[in-house]
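Here's the structure we're looking at; comments come further down.
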Protein chains: 2
Amino acid sequence: MALHKREQFTAAEQEIALIAKALGHPARVAILQLLARRQSCVCGELVTELPLSQSTVSQHLKELKAAGLVQGEVDGPRVCYCIDRAGWDRARLLMAGLLAELPPPAANGCC
Amino acid sequence: MALHKREQFTAAEQEIALIAKALGHPARVAILQLLARRQSCVCGELVTELPLSQSTVSQHLKELKAAGLVQGEVDGPRVCYCIDRAGWDRARLLMAGLLAELPPPAANGCC
DNA sequence: CTTTGCAATCGTTAATCGACGATAAACATA
DNA sequence: TATGTTTATCGTCGATTAACGATTGCAAAG
């Protein structure tokens with residue numbers, strides 16, 4: 001009950017926050033960069049690139065998937081992760097939209 | 001020790017993550033939008049616009065300030081908050097840089 | 001059909017977050 | 001000086017996160 005009040009904000013605000021939160025950990029940023037640069041793809045390779053255990057990497061991948069930024073395809077015994085292009089574009093759109101909002105300096109008195 | 005391993009990532013990854021984390025809550029997104037649109041400025045006004053208590057809003061403002069996205073000027077008994085343009089530009093740069101990284105579809109086999 | 005190898009999930013722990021009310025601090029005004 | 005207004009900080013509590021090792025689940029190889 002009402003200890004977390006996320007519900008009380010607009011859907012747009014929640015969507016931005018969801019994506020930003022997924023980007024809010026250096027391990028996940030590093031994973032996304034590895035995937036975007038196609039340096040690796042398979043979960044096991046990511047584990048060797050990162051200073052984290054297999055289970056922790058798997059957990060981060062799950063969060064990135066939940067945020068729609070990454071998708072994973074099973075390929076035999078291994079899993080190939082890639083950037084989810086739709087989610088990636090959406091993220092770019094939302095982030096650019098938010099950060100573009102600033103009008104030219106000081107039409108107002110106070111700042 | 002070493003329960004949180006943020007230290008083990010690059011400075012760039014940590015900087016992006018820090019900013020993204022600040023954007024990772026709908027209340028903070030809402031605050032930034034209010035400030036960017038100059039609809040309000042003073043902390044007390046923000047409180048009335050948001051479904052949160054004064055202390056909670058103050059806490060969120062503190063986090064946004066720590067991420068360099070917002071700055072506050074004392075104006076008598078009240079405090080005027082505004083977007084920190086330098087931090088805002090930096091955020092735009094970093095986010096755009098990260099999200100621009102994706103190369104054209106599938107040069108690789110797996111995805 | 002068993003073994004092997006990879007990835008996901010479970011269970012646990014410590015740390016951090018999100019929220020609040022209460023209190024304190026800073027300042028203007030009576 | 002006392003009072004009211006505004007914001008920051010403190011203390012607390014429950015929820016969530018980050019991390020790990022251990023276990024489970026599954027597909028390919030033998």
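Both backbone and side-chain heavy atoms feed into the values below; hydrogens, waters and symmetry mates do not. Below, read A as the first sequence line, B as the second, and so on, with proteins coming before strands; counting in each chain starts at 1.
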Query raised in the report: Any side-chain heavy-atom pair from B/Val57 and B/Gln54 closer than 4.5 angstrom?
Result: no
Report summary line: 5'-most contact on DNA chain D (nearest-nucleotide basis), A/Lys21 vs A/Thr56, goes to A/Lys21
Query raised in the report: Looking at D/dA8, D/dC20, C/dT16, which one has an atom nearest to any side-chain atom of B/Tyr81?
Result: D/dA8
Query raised in the report: Is there a path from B/Leu102 to B/Leu98 through hydrophobic residues (I, L, V, M, F, W, Y) whose side chains come within less than 4.5 Å of each other?
Result: yes
Report summary line: Against the side chain of B/Leu52, the closest entry in D/dA22, C/dC20, D/dT6 is C/dC20
Query raised in the report: In terms of side-chain heavy atoms of B/Ser58, which of D/dA8, C/dG21, C/dA8 is nearest?
Result: D/dA8
Requested in this report: Select one nucleotide: of D/dA8, D/dA19, C/dA7, the one nearest the side-chain heavy atoms of A/His25.
Outcome: D/dA19
Query raised in the report: Which of the following nucleotides, D/dT17, C/dA8, C/dA19, is nearest to the side chain of B/His60?
Result: C/dA19
Requested in this report: Specify the separation, in whole Å, of atom CG of A/Leu61 and atom C1' of C/dC6.
Outcome: 13 Å
Requested in this report: Could you tell me whether a side-chain N or O of A/Gln14 sits under 3.5 Å from a main-chain N or O of A/Phe9, the two making a donor and an acceptor?
Outcome: yes
Report summary line: Between CD of A/Gln59 and P of D/dC20 the distance, given in whole Å, is 12 Å
Query raised in the report: Base, sugar-phosphate, or nothing for A/Glu63, non-hydrogen atoms under 4.0 angstrom?
Result: sugar-phosphate
Requested in this report: Figure out the CG/C1' separation between A/Leu64 and D/dA18, and round it to whole Å.
Outcome: 14 Å
**Report entry** Candidate nucleotides D/dA8, C/dA19, D/dA27, ranked by approach to the side chain of B/Gln54 - the nearest
**Finding:** D/dA8
**Report entry** A/Glu45 CD - C/dA7 P separation (whole Å)
**Finding:** 9 Å
Query - Atom-to-atom span, CZ of A/Arg78 to P of D/dA29 - whole angstrom - result: 10 Å
Query - Out of D/dA18, D/dT7, C/dA7, whichever nucleotide has its closest atom nearest the side chain of A/Arg28 - result: D/dA18
Query raised in the report: Angle class for the A/His60/A/His25 ring planes (parallel below 30°, perpendicular above 60°, tilted otherwise)?
Result: tilted
Query - Side chain of A/Ser55 (C-beta onward), nearest among D/dT9, D/dG21, C/dA7 - result: D/dG21
Report task. Measure the distance from CG on B/Leu50 to C1' on D/dT7 and round it to the nearest whole Å. Result -> 15 Å
Query raised in the report: Picking from C/dA7, D/dA8, D/dT6, which would you name as closest to the side chain of A/Val42?
Result: C/dA7
Report summary line: Taken to the nearest whole Å, CD1/A/Ile31 to C1'/C/dA7 is 14 Å
**Report entry** Salt bridge present between A/Arg78 and A/Asp75 (N-O < 4.0 angstrom)
**Finding:** no
Query raised in the report: Nearest-Å distance, CG (A/Leu23) to C1' (D/dA18)?
Result: 17 Å
